[in-house]
Amino acid sequence: MDLWEQMSRQRVQHIVDSYELSGKEPLEFQRQLETLLQTWDIARVELALCEVLVQSWLRVPLPRGTAFLQLTAALLQAWETGLAEPSLTPIQFQRITGLESSFKATESALEAEQELPAMVRERPSKPLPS
């Protein structure tokens, strides 16, 4: 395993650990996570984990363990077949994970962000005039 792959796997593990995603079956979770990492690009798995987190935030309790990975695998498959596409921007990814995005956001997400007026995209350093 080269240095880049080791760092990428540490990033994935950071997301898993930060949100305690492994659940009550950590060994089975790690086995299934390893299968995902061998099947898909690591940066894409990283992004999918984050997107499933966002999609699941309002579910109580938050899915964890192998159920979380099943949702992640389904999302990866939907991206592969073109039924869905990533929707998080690099900034959103960074705010959720604390990591810089290693996966390029979709063009549509970037274009949508760029179409926003500057005052909406960026927080003003001074109060806006009344």
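Everything numeric in this text was worked out from a predicted model, so none of it was measured.
Atom CG in Leu88 sits 12.5 Å away from atom CD in Gln94 (nearest 0.5 Å). Atoms CG and CG, from Leu33 and Leu21 in turn, are 9.5 Å apart once rounded to the nearest 0.5 Å.
Take Arg95 and apply the side chain to side chain contact (heavy atoms under 4.5 Å, CB included) test, not counting sequence neighbours, and it matches Ile91. Qualifying side chain to side chain donor-acceptor pair (under 3.5 Å) partners for Glu34, counting only residues two or more places apart in sequence or in other chains: Arg9, Gln38. The side chain to side chain contact (heavy atoms under 4.5 Å, CB included) check on Leu27 picks up nothing, with sequence neighbours excluded. A search for side chain to side chain contact (heavy atoms under 4.5 Å, CB included) contacts involving Ala78 returns Leu83, Ala84, not counting sequence neighbours. Scanning for side chain to side chain contact (heavy atoms under 4.5 Å, CB included) contacts around Thr66 gives Glu25, Glu28, Gln32, with sequence neighbours left out.
Here the options are Thr72, Thr35, Val45, the test is side chain to side chain contact (heavy atoms under 4.5 Å, CB included), and the partner is Trp40; only Val45 passes. Screening Leu69, Val12, Leu49 for a side chain to side chain contact (heavy atoms under 4.5 Å, CB included) involving Leu36 leaves a single residue, Leu69.
With no hydrogens or angles considered, a side-chain donor-acceptor pair links Ser87 and Glu51 at under 3.5 Å.
Hydrophobic clustering, with ILVMFWY side chains joined whenever heavy atoms are under 4.5 angstrom apart, keeps Met7 apart from Leu37.
No more than 12 heavy atoms of other residues, nucleotides or ligands sit less than 6.0 Å from atom CH2 of Trp4.
The backbone N or O of Thr97 sits less than 3.5 Å from a side-chain atom of His14, completing a donor-acceptor pair.
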